[in-house]
Each structure stands twice: as C-alpha cells, then as structure tokens.
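On a predicted model such as this, the values are computed, not experimentally measured, just so you know. We're numbering straight along the sequence, starting at 1. Order of listing sets the numbers, starting from 1, for every ligand and every atom in it.
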Amino acid sequence: PLVSGKVLFEKANEYNFAIGAFNFNNMEFLKAILDAAEEEQAPVFIQTTESAIKYAGIEYLAGMVHAVKDKYSIPFALHLDHGKHVETILLAIRHGYTSVMIDYSDKSYEENLKVTKYVVSICAALGISVEAELGKLVSVEDEVVSREEVLVDPEQAKEFVDRTGIDALAPAIGTAHGAFKFKGEPKLDFERLKKVKELTGIALVLHGASGVYEEYVEKINKYGGDIKGAKGVPDEELKKAVELGINKVNTDTDLRLAFISKLRELMALEKKVIDPRKFLKPAMEEVKNIVKKRIRLYGSQGKA
Ligand SMILES: O=C(COP(=O)(O)O)N(O)CCCOP(=O)(O)O
Ligand SMILES: [Zn+2]
C-alpha cells in the first residue's frame, strides 16, 4: 500500500539498510519498479522530479499511482524528488504525495534553512516526510574544486537538522547525477558521511548513486548510441555508503540505461516491427531486472 515516507525512513534508519528511490516519468517505468519491488518484497520510494511533472502532468503520474496502490502488498511512498519551488510541494501534497524533497541547496544556507522549516511545518502536520539537501551534487575526484566549498559540512548539517526537523538529509559527499559521474577513480567522502551520521542520527539520502554498469553502456554504444566514458558508483562503494548510514538511494540513470539499451537493440534488429509494445515490453523487463538487482544491493529485499 501507499504509506508516508516517515515509516520507511524510520525503519531503514533503525535497521541500518537502504531503500531504493526510483524515478519514473511514465507507466512503463512505474509498473516495472512496483512489480520488481513486489517480487523482492521490498519497500520502495517511487519518485518524480519537477521535470517529470512537466513531461507527463501530475494528474497522470499521481493518478496512475493512486489507481494501483492497493494492488501491491509492499509499503511504498510517492516522493517529490528535487522540489525546487514551494508551489510544487503544495501541488504534490494536493495530489496525494506522501513524501517531498525541498531542494534549496543552491540557495544560501539561511534561505535553505528558512524555506525548509516552512515546508516541514506544513508536512509534519500532514504526516508527510521531508527530505532536504546540503552541499552541491558535483563529483570531486580531482582537487580542482575545493571539497570544503561543495561538500556537506557535518557541523552545519547537525545545526540544520536540529533547526528544521526534517526526516531525511541528502549530504553531498562527492556524487553527481547522470552517467558521467567521474573522470578518474570515484571517491566518495566516507569520513564526511560518517561524521554527518554521528552528529545528526537521522535517515540519510544518497543522490547520484547509479552504478552505470558497463554491460548497458557497451550495448548502447554497440547499437547506435555514444556514451563512451560513462562511469558510476561501484557496487562496493555503494555498499560501504549504506553501512555508514545511507538509508535512501536515488536511482534514475541505471533504469534509463537498462531501458534504452534494450530499446536501441530492438530498434536496430527488429526492422519489421511497428508495434511499440514489442519494444517497450522487453525494455520494461530490463528496468525490472535492474531494479531487483539494486534492491538486493541496498539490502532491502524481504524488508517490506
Ligand atoms: O539522484 C538522482 C539520480 O541519480 P543518478 O543519475 O545517479 O541515477 N535523482 O534525484 C534523479 C534526478 C532526475 O532528475 P531529472 O528528472 O530532472 O532528470
Ligand atoms: Zn538527485
């Protein structure tokens, strides 16, 4: 059933595992994610960004979720990912979202603090969980950008959590969105993550966490794509981040790579096919497979 993000954050934080937070923009991804989670008996966050809402319309995205929510035995939250405007947060609440992220990380600390407090005051009354972000989502494998400037400051994180009352924090520790996270070797700032967890004690979220698996990158390049040099967070690094206190892992790029690799392959090989379902169904299966793999990596299978 559809539940508040609060129960998911609390359980993952208490039992030291992570819950997958999978982005969707359409029916195919939504169905693949929920079917995968049901088969793994794992709780999940399903989440949409503001650009997803622009693409499909919130009525379609939220409407599909509410239409199917009682078909699944697993608890899942509908989460607004990277809410950059309070108006979007209010719209999401009106459409039955059960968790929101207010992302003011590119504003001043004081501005982030003020708006986050306001969003918490509304959502707390409604039993809706609130996630916020501190630091910038930029990979810092080279010392070009000073780590202090872009990564989260653990002392500041403690103050921010105490003064806002958020349910979950996304601390920037050196990851970035998309398929090209690192030029050199990936380097997550585990020391910083450990300090944030010790000082705040709350549920933590890792953004830009996709693995960007070689098998999908190669297949996309083989069948007409060109994403050479794509690199993500290695499984071992991800597991270490979960051990150190990450409880929600945002995963979008891995689903895109799985879907697009299958789609490009079929578009290249099945020259007589014009029924989209013949391509979209196998592509959905690929998304389902990668979601199951990531759920197991996060340690949330069987934790419904
Ligand atoms: O952290 C992540 C995804 O990280 P990933 O790229 O490593 O999967 N997210 O919050 C997903 C962000 C998706 O944004 P948009 O819909 O505007 O393209
Ligand atoms: Zn993100």
Side-chain angles (χ1 to χ4, degrees), residues 5 18-26 28-30 32-33 44-58 60-61 77-85 88-89 92 97 99-106 112 129-141 150-152 168-182 186-188 203-214 216-217 220 227 229-235 237-238 241-242 246-261 286-287 290-291 293-295 297-298:
I19 295 175
F22 301 101
N23 291 75
F24 74 99
N25 303 296
N26 61 22
E28 284 76 12
F29 276 60
L30 174 62
I33 295 163
V44 284
F45 285 84
I46 49 172
Q47 56 186 26
T48 70
T49 57
E50 290 185 345
S51 60
I53 291 170
K54 258 194 208 82
Y55 168 78
I58 196 162
Y60 279 91
L61 299 174
L78 173 56
H79 178 77
L80 175 70
D81 187 23
H82 289 291
K84 304 261 188 187
H85 308 90
T88 318
I89 304 257
Y97 280 58
S99 182
V100 297
M101 176 187 190
I102 172 69
D103 179 3
Y104 258 52
S105 57
D106 53 6
N112 192 352
S129 45
V130 179
E131 173 190 334
E133 178 171 326
L134 281 177
K136 306 257 180 290
L137 280 173
V138 282
S139 42
V140 282
E141 78 272 36
V150 289
L151 299 186
V152 65
L169 176 72
I173 57 169
T175 56
H177 288 157
F180 300 89
K181 298 182 194 303
F182 308 101
K187 234 198 324 269
L188 272 56
L204 299 180
V205 184
L206 189 62
H207 285 246
S210 279
V212 187
Y213 295 110
E214 199 44 38
Y216 293 127
V217 174
I220 286 170
I227 53 168
K231 188 180 281 211
V233 177
D235 285 2
E237 302 270 293
L238 195 287
V242 173
I246 291 293
N247 303 113
K248 172 174 179 272
V249 181
N250 281 22
T251 318
D252 191 10
T253 295
D254 281 339
L255 279 56
R256 297 180 178 182
L257 293 171
F259 189 85
I260 292 295
S261 64
E286 281 302 317
V287 174
I290 193 71
V291 170
K293 175 179 171 142
R294 296 297 285 182
I295 281 174
L297 180 67
Y298 305 154

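Counting heavy atoms from C-beta outward, Lys248 and Met101 have side chains that stay 4.5 Å or more apart. You'll find the side chain of Ile290 reaches within 4.5 Å of the side chain of Tyr216, heavy atoms only. With a 4.5 Å cut-off on side-chain heavy atoms, Tyr97 and Ile58 count as touching. Residues Ile246 and Tyr298 have side chains not in contact (no heavy-atom distance under 4.5 Å, counting atoms from C-beta outward). At a threshold of 4.5 Å between non-hydrogen side-chain atoms, the residues Leu134 and Pro171 do not count as touching. At a threshold of 4.5 Å between non-hydrogen side-chain atoms, the residues Lys84 and Asp106 count as touching.
The side-chain contact (heavy atoms from CB on, under 4.5 Å) with Asn23 is formed by just one residue from the set Thr49, Thr251, Leu30; it is Thr49. Tested against Asn250, the residues Leu206, Thr175, Val205 include a single side-chain contact (heavy atoms from CB on, under 4.5 Å) partner, Val205.
Remark: among candidates Val212, Asn250, Asp81, Val205, the nearest residue to atom 11 (C) of ligand 1 is Asp81, based on non-hydrogen atoms. When the heavy atoms of Asn25, Asp103, Thr175, Thr49 are ranked by distance to atom 16 (O) of ligand 1, first place goes to Thr49. When the heavy-atom distances from atom 8 (O) of ligand 1 to Ala170, Ala179, Ser210 are ranked, the shortest goes to Ser210.
Ligand-side atoms of ligand 1 in range of His207: 1 (O), 10 (O), range being under 4.0 angstrom from any heavy atom. Shown in contact with Thr251 at under 4.0 Å from a heavy atom are these atoms of ligand 1, numbered in order with element: 8 (O). Which parts of ligand 1 touch His82 is read off a 4.0 Å heavy-atom cut-off, strictly below it: atoms 10 (O). Residue contact check: His177 has heavy atoms under 4.0 Å from atoms 1 (O), 2 (C), 3 (C), 4 (O), 6 (O), 9 (N), 10 (O) of ligand 1. Taking every non-hydrogen atom of Gly178 and a distance limit under 4.0 Å, the qualifying atoms of ligand 1 come out as 6 (O).
Of the heavy atoms in Val233, none comes closer than 4.0 Å to ligand 1. Heavy atoms of Asn23 found under 4.0 angstrom from ligand 1 belong exclusively to the side chain. Contacts between Arg256 and ligand 1 below 4.0 angstrom, taking non-hydrogen atoms only, involve the side chain exclusively. Heavy atoms from both the backbone and the side chain of Asp252 come within less than 4.0 Å of ligand 1.
Within the 3.5 Å criterion, the main-chain N or O of Leu257 finds no donor-acceptor partner in the side chain of Asp254. With hydrogens and angles ignored, the 3.5 Å screen pairs no side-chain donor or acceptor of Glu28 with any backbone N or O of Phe259. Here the side chain of Asn112 pairs a donor or acceptor atom with the backbone of Glu133 at under 3.5 angstrom.
By the 4.0 Å heavy-atom criterion, Glu50 is excluded from the residues contacting ligand 1. At least one heavy atom of Ala209 lies less than 4.0 angstrom from ligand 1.
Among protein heavy atoms, the minimum distance from atom 6 (O) of ligand 1 is reached at Thr253 OG1, 2.6 Å. Protein heavy atom nearest atom 1 (O) of ligand 1, with residue, atom name and distance: Gly208 N, 2.9 Å. Distance from atom 7 (O) of ligand 1 to its nearest protein heavy atom, with residue and atom name: Lys181 NZ, 2.5 Å. Atom 15 (P) of ligand 1 has Ser51 OG, 3.5 Å as its closest protein atom, hydrogens excluded (heavy atom only).
Residues satisfying the side chain to side chain donor-acceptor pair (under 3.5 Å) test with Glu237, not counting sequence neighbours, are none.
Pairing each heavy atom of Leu61 with each of Ala56, the nearest pair is CD2-CB, 3.7 Å. Nearest heavy-atom pair across His207 and Ala170 is CD2-CB, 3.5 Å.
Around the Zn ion (ligand 2), the protein atoms of type N, O or S that sit closer than 2.8 Å are His82 NE2, His177 NE2, His207 ND1.
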